[in-house]
Asker: 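First the structure, which I've put down as structure tokens, then a few questions once you've had a look.
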Amino acid sequence: MSQKTPQAIRGTQDIFGAEAEAFAYVVETFERIRKLYRFRRIEMPVFERTEVFSRSIGETTDVVSKEMYSFEDRGGESLTLRPEFTAGIARAYLTDGWQQYAPLKVATHGPLFRYERPQKGRYRQFHQLDAEIIGAAEPQADVELLAMADQLLKELGIAEGVTLQLNTLGDGNSREAWRSALVEHFAGVRGELSEDSQERLDKNPLRILDSKDPRDKVFVGDAPKIDDFLSAEAQDYFGKVCDGLGAAGVAWERNPALVRGLDYYRHTAFEFVTDRLGAQGTVLGGGRYDGLIETLGGPHTPAVGWAAGIERLAMLVGDKGEDTPEVVVVVEDDAFVTEAIAAITRLRSDGMSAVLIATGSPKKRFDKAAKMNPAAIAFVRSQDGGPIWGVREMREKGDFDFALIVHRTVAGSFNKP
RNA sequence: GCGAUCGUAGCUCAGUUGGUUAGAGCGCCGGUUUGUGGUACCGGAGGUCGGGGGUUCGAGACCCCUCGAUCGCCCCA
């Protein structure tokens, strides 16, 4: 290990080869699906004023104080690398006049940053797909978003082993009533809870529900259920979401312990989870955040959205492998490099992927060419002082004579022989 | 922030209870043979064994510190 080479920043990744192909495959599939559902593409800044995130998330949480990449710019302004998409999009909705397009369906993807300890499927710079519907209060919006997520996972070929867990947090009042009941329930057995959960009881009681500690699980089973606190409207809303999912053919299961840590979440909450990624099982998650836009100083605006970790999806997708070239052009005699460059240019213009090999001994050049497993190898050598082309077909490429096509192209002749 | 495991050539790894000039495969470079060519053979470059300190006659192996990686806890917008 050289002393002088700077190390990559902890939690960042250099993605290469088959992994990069899998990553691109995820993004390309998302782009295709998002158009099917008519979500409009947006590009967002990677950093915002810190308050965009701190106000929406809540000043007090650990999330804001410890887990954001915040820094001061030269003017003394506190800025933060985006830890999520939603807050920035909500800000743009207000500052860019996007309210005129409501209900607005938007999609984007890109890097996000969180100051966390890296582990499997978890990085400091990571990447997400994101889809939001802003200004739509009806349950159909939730359904459409979930149907899109479901189709995405299916088309990525990873739906097997991934399940949609669904819950409702109810409206503001339902949620509050449930929360107090939970606090009361757990406070009664406080001393028997894990240390972590005793702290959660004060800071974030809903989170006790998904504690991994067996000491807590004992009391989670008979904890109050949200269903007993839902208002008639909230119950009706959730019912319509469930019905819609049924109509859309989206399979799901109820998880009454699925919660959100932040107060602006209402009604629908969901996660697509797998057990194939160790401790980081959530592959796509989201919910309705009717309270968010108000925290940024906007009017009450219902909205719902989800985000999905690209590297987690890419891990499930598995190796996509890199394409092999269609043609490898081997320069056997260095006198004809120019001809080879002209020829490979024609190949590429005609839509064939091609690589040029012109280093090493002639023998090694052919070895290298063969190793790339191309459909054909084209080679130029000297004969009577001039260049002469040869083509060798390495594998079948359909019902046409690929070698002949390549030969015509490299030789610069498009006439019939 | 906490815990466990790990850190030997570009990559994947060997390296016996601490004992001579630290090895293999792949890759890379060169060559031989084959003379229209993927698989054979020979050779070469490349490592202060993550870094620092300590124990010892002697440390890649043992101890401490440090950095990094992996996985997990916390947190998860």
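Chain identifiers are assigned alphabetically (A, B, ...) following the order of the sequence lines, protein sequences preceding nucleic acid strands; residue numbering begins at 1 within each chain.
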Asker: Do A:Tyr237 and A:Arg288 pair up side chain to side chain, a donor and an acceptor below 3.5 Å, judged on atom types alone?
Answerer: yes

Asker: From B:U39, B:G72, B:C75, pick the nucleotide closest to the side chain of A:Lys120?
Answerer: B:G72

Asker: Checking base pairs now: Watson-Crick or wobble, both atom distances under 3.5 Å. What partners B:C6?
Answerer: B:G68

Asker: Do the side chain of A:Arg117 and the base of B:G68 come within less than 3.5 angstrom through a donor-acceptor pair of N or O atoms?
Answerer: no

Asker: Side chain of A:Ala370, heavy atoms from C-beta onward: which of B:U36, B:G38, B:C76 has the nearest atom to it?
Answerer: B:G38

Asker: Does B:U36 have a Watson-Crick or wobble mate here (both distances under 3.5 Å), and if so which one?
Answerer: none

Asker: Counting the atoms with a prime plus P, OP1 and OP2 as sugar-phosphate, which does A:Asn204 contact under 4.0 Å by heavy atoms, base, sugar-phosphate, or nothing?
Answerer: sugar-phosphate

Asker: What residue among A:Arg82, A:Arg55, A:Arg91 forms salt bridge (charged side-chain N to carboxylate O under 4.0 Å, His left out) with A:Glu48?
Answerer: A:Arg91

Asker: Separation of A:Phe366 atom CZ from B:U34 atom P, in whole Å?
Answerer: 18 Å

Asker: Any N or O donor-acceptor pair linking the side chain of A:Arg122 to the base of B:C75 at under 3.5 Å?
Answerer: yes

Asker: When you measure from the side-chain N and O atoms of A:Lys371 to the phosphate of B:G27, is any distance below 4.0 Å, counting only OP1 and OP2?
Answerer: yes

Asker: Please give, in whole Å, the distance from B:A40 C1' to A:Asp367 CG?
Answerer: 11 Å

Asker: Using whole Å, what does the distance between atom C1' of nucleotide B:U70 and atom CD of A:Gln280 come to?
Answerer: 13 Å

Asker: Have a look at A:Phe53 and say if it touches a base, only the backbone sugar-phosphate, or nothing, with a 4.0 Å heavy-atom cut-off.
Answerer: nothing

Asker: Would you mind reading off the distance between A:Asp196 atom CG and B:G1 atom P, rounded to a whole angstrom?
Answerer: 17 Å

Asker: Without hydrogens or angle criteria, can the side chains of A:His109 and A:Arg41 be said to hold a donor-acceptor pair below 3.5 Å?
Answerer: yes

Asker: Could you tell me whether A:Gly285 contacts a base, only the sugar-phosphate backbone, or nothing, with contacts defined as non-hydrogen atoms closer than 4.0 Å?
Answerer: nothing

Asker: What is the distance, to the nearest angstrom, from the CD1 atom on A:Ile377 to the C1' atom on B:G38?
Answerer: 8 Å

Asker: Is there a side-chain polar atom (N or O) of A:Lys212 under 4.0 Å from OP1 or OP2 of B:C73?
Answerer: yes

Asker: Just call it for A:Tyr115: base, sugar-phosphate, or nothing, with non-hydrogen atoms closer than 4.0 Å on any strand.
Answerer: nothing

Asker: Under 3.5 Å for both donor-acceptor distances, Watson-Crick or wobble: does B:C28 have a partner, and if so which one?
Answerer: B:G44

Asker: On a whole-Å scale, what distance lies between the P atoms belonging to B:C29 and B:U39?
Answerer: 14 Å

Asker: Rounded to whole angstrom units, what separation is found between the CD atom of A:Glu393 and the C1' atom of B:G38?
Answerer: 16 Å

Asker: Here's a test of your reading of the structure: between A:Arg114 and A:Ala8, which maps to the more 5' nucleotide of RNA chain B?
Answerer: A:Ala8

Asker: Answer yes or no for A:Arg124 and A:Phe113: cation-pi contact, defined as NZ/CZ to six-membered ring centre under 6.0 Å and angle to ring axis within 45°.
Answerer: no

Asker: Can A:Arg40 be said to sit on top of A:Tyr101's aromatic six-ring, NZ or CZ under 6.0 Å from centre and within 45° of the ring axis?
Answerer: yes

Asker: Is a donor-acceptor contact shorter than 3.5 angstrom present between the side chain of A:Arg10 and the base of B:A69?
Answerer: no

Asker: Need the pair for B:U56. Rule: Watson-Crick or G-U wobble, both distances under 3.5 Å, any strand; none if unpaired.
Answerer: none

Asker: Just call it for A:Glu199: base, sugar-phosphate, or nothing, with non-hydrogen atoms closer than 4.0 Å on any strand.
Answerer: nothing

Asker: Nearest whole angstrom, please: distance from the C1' of B:U5 to the CD of A:Gln119.
Answerer: 15 Å

Asker: Please report, rounded to the nearest Å, how far the P atom of B:C75 is from the CD atom of A:Glu67.
Answerer: 10 Å

Asker: Name the pairing partner of B:C73, where a pair is Watson-Crick or G-U wobble with both distances under 3.5 Å, or state none.
Answerer: B:G1

Asker: Nearest to the side chain of A:Met394 - B:A77, B:G37, B:G38?
Answerer: B:G38

Asker: I'd like to know if the side chain of A:Asp130 pairs up with that of A:Thr108 as donor and acceptor (distance under 3.5 Å, no hydrogens or angles considered).
Answerer: no

Asker: To the side chain of A:Arg260, which of B:G37, B:C75, B:A77 is closest?
Answerer: B:A77

Asker: What is the nucleic acid contact for A:Arg82, judged by heavy atoms within less than 4.0 Å: base, sugar-phosphate only, or nothing?
Answerer: nothing

